[in-house]
Amino acid sequence: MGWDAGPGALPQGSYADLAGRWMTALRDGARDHIVPMSAAETTELLTRLAAELCAAAAPPPAPERAAEAGAELARAHLVGEEVLGRSLGVLGAHLAAIGVPAPRVATTLGAFANGYLRAFRAWLLAEQESVRAAEIAARRVAEEQLRASEARMRGVFAQAGVGTGLSDMTGRIIEVNAAFAEMLGYRPEEMCGMLVTDLAHPEDESGMWELYGALMAGGCDSVRLEKAYPHRDGHAVWTNLNVSLIRDQRGAPQYTLVLVEDISEQRALQASLRYRAHHDQLTGLANRSRFFDALAEAFAAGDSGVGLCYVDLDHFKTVNDTYGHAVGDELLVAAAARLRECVTEPGQLVARMGGDEFVILVPDPARPGDVAALAETVLAAFSEPFDINGQHLRVSASVGVMEERPDRADADEFMQAADTSMYWAKSAGRGCYAVFDPDRGRREHARAELSAAIPEALAAGEFFLEYQPIVPLAGDRIEAVEALVRWRHPDLGVLAPVEFIDLAEDNGHIPALGAYVLGHACRAARRWHDLDPESAPVISVNVSAVELADPAWLTRVENTLSDTGIPPQRLQLELTERALMADDGGPLAALRTLADAGVRIALDDFGTGYSNLAYLGRLPLQVVKLAGPFVQRIRDSNSADATDFVVLETIVGLTHALGFTATAECVETRFQAEQLRALHCDTAQGWYFHRPLPEEEVTELLERQRSGLHGFAAGAAGAGRWANGK
Ligand code: C2E
Ligand code: CA
């Protein structure tokens, strides 16, 4: 059967065979190509295309059908490298086998190949086109995203509350946000183009621009500092500044980005807190803590001296009490202003220590006497009255002056010394100054320590008594003994009463000390009384004015009398004029009670105080003791003049006229004893007769007196027989 018979000449089954061979050939050679069809679909396609090709090869030749079959093969994505070659091989062999003449085979296969290639190119173009479109779409998305992110960044940049700016590596500002521009009083566009250095400020720290230089050179990546910017109107805008370097992809510095936070308010607040921490609210002067800082600084400055005026207003409390605290405050403000004017030298500091106390620190006085001169200026400043709300107030000041820093004194000791000198000025009458004297300071310090030690010394039994006999100038027996207290101090030895009685008076220890003396003296008197009631002397005990003012004193004396059981007549209490004259009734009543009970009251040291003669008669007295100085003036015939005798005679005469007896103290010589006896003075005590003695020695004396071994007869002949006489 000839091929020319037409397309129907081949049975359908032959096309299936052909397609089977074709598929096998393709499968072997199309490994590189993924056929997007199943095997059944491929077989079906190839069967149809084989039929089409055979039909195209049958007369009349239809090369366009062959081309379409080729195109269809390519469109079915059978586009591997060897698809066309293997297809032509299988199809060519088949056409030749079924007898299609060679020229027609060539035409048909040529058309098939052309169709295939055309479709393949179209597919290839389409493929490429879709890749390009995808690429374009992807780039567009990326660009979109970049734009969005830039817009976001720009929004953040523009609207950030924090000032933001970008400058290039020449230091030129290329962008700032509104916050930064507003901060400095500009519009953003006005700032662009400025140089970073145009925004330098006199308060820029010295190392700041070096740091900026290092950043620009890429030496570091960010810098954080506090910087003041000049505002357009001239004032300083304080900022917290963060400068960071932006590098390009290769790491080269490209821009600097600054973030600027306005901290002017914060700094103002800090400054105000700092001010308040160092200044007195009321007067605006430096306060204590600032002063102590300055003092520490002055101390730390090595061997340069430190001077100080410690100023305390006199009677400020009275101003407060009389005119009220508002006026008091005004006065302090005015006083502070005057003190401020007193200071002319740089470095000197006026401070308020509190209340009405002020100090002027003179860190390094140029000449000795400079600080005292400053104190005089201060006193002069207070000489004019203050005009406070129409009130004319006169207020003086007492000034303690430290000309220098005492040896090795620390700040506390220095201030204590200044305070002490201020009190010296107060006790010298106020309205004056006193220069600190280290010797006096030491003495007072020692006295303060002594005073504080009294209670413990009492408990430890460090106090003891001596007894000084009081003898009649016209008799022969010890009539009385005066109890005199001493302190056996563990470090200082035996202390005389002058060294501690007034301390005990000032610091409230006198009632305890007085009770101790009274108890011991009365118990000694009791022992002498027990030995021989007849010869037992009167026990004379000194009572201080402070003690007398103690409401419990009377009961204490009464209890001591009843506890010891000595007759009241054997107790004599010696009181000074000061104690009796300053009396406001209470103590005198106590004395009267005791006098009524038989206790003898002696006026001690008569002539040294007020000597209010008229008052003497109204006191419940029995004895007047002539003060030592009167007696000392008639020590011997050379020292005495007629007036001294007249004075003594008058006092003894007055004493007798008032019904009292007279006792002379401090009799040291036979001359004195004889003269006093001639002046009819009743009794005497003194070294001429006896020194103050321990209890046992008095006991011995009394025993000798009882056994008649020892005479105390007055008169020219007897005087020589007085024991211990000089
Ligand atoms: P005062 O009451 O005038 O006591 C006499 C002082 O003269 C005593 O000094 C005594 O030792 C001293 N004295 C005695 N004879 C002579 C003498 O011939 N020449 C000289 N120059 N002095 C003589 P003392 O013991 O130092 O007492 C001093 C003062 O202390 C006493 O003066 C008295 O006021 C006070 N005092 C002594 N003991 C006590 C006491 O227990 N209580 C109180 N409140 N004061 C006392
Ligand atoms: Ca006395």
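Ligands are counted one by one from 1 in listed order, and the atoms in each one are counted from 1 as well. Since this is a predicted model, take the numbers as computed values, not measurements.
Protein heavy atoms come within 4.0 Å of atom 11 (O) of ligand 1. Using a 4.0 Å threshold on non-hydrogen atoms, atom 37 (C) of ligand 1 counts as touching the protein.
Of all the N, O or S atoms in D604, the one closest to the Ca ion (ligand 2) is OD2.
Tested against Q672 for a side chain to side chain contact (heavy atoms under 4.5 Å, CB included), the candidates D636, V631, L648 yield a single pass: V631.
Under the rule for a side-chain contact (heavy atoms from CB on, under 4.5 Å), the partners of V517 that lie at least two apart in sequence or sit in another chain are L465, V485, V541.
Backbone and side-chain nitrogen or oxygen atoms of Y688 are examined, and none is located within less than 3.5 angstrom of a nitrogen or oxygen of ligand 1. At under 3.5 Å, not a single nitrogen or oxygen of E547, backbone or side chain, sits near a nitrogen or oxygen of ligand 1.
Within the listing of ligand 1, atoms 11 (O) sit less than 4.0 angstrom from a heavy atom of P692. Taking a cut-off of under 4.0 Å to the non-hydrogen atoms of R486, the atoms of ligand 1 that pass are 11 (O), 25 (O). Atoms of ligand 1 lying under 4.0 Å from at least one heavy atom of D604, given by number and element, are 2 (O).
Looking only at side-chain heavy atoms (C-beta outward), N542 and L484 come within less than 4.5 Å of each other.
Angle OE2(E482) to the Ca ion (ligand 2) to OD1(N542), rounded to 10°: 80°.
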Verify ring-ring contact (aromatic ring centres under 6.0 Å, His included) between F463 and F500, making sure each step is shown before the conclusion.
-> CA-CA 11 Å; F463 292 97; F500 58 84; 5.4 Å; yes
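For D314 and S396, the side-chain atoms include at least one donor-acceptor pair closer than 3.5 Å.
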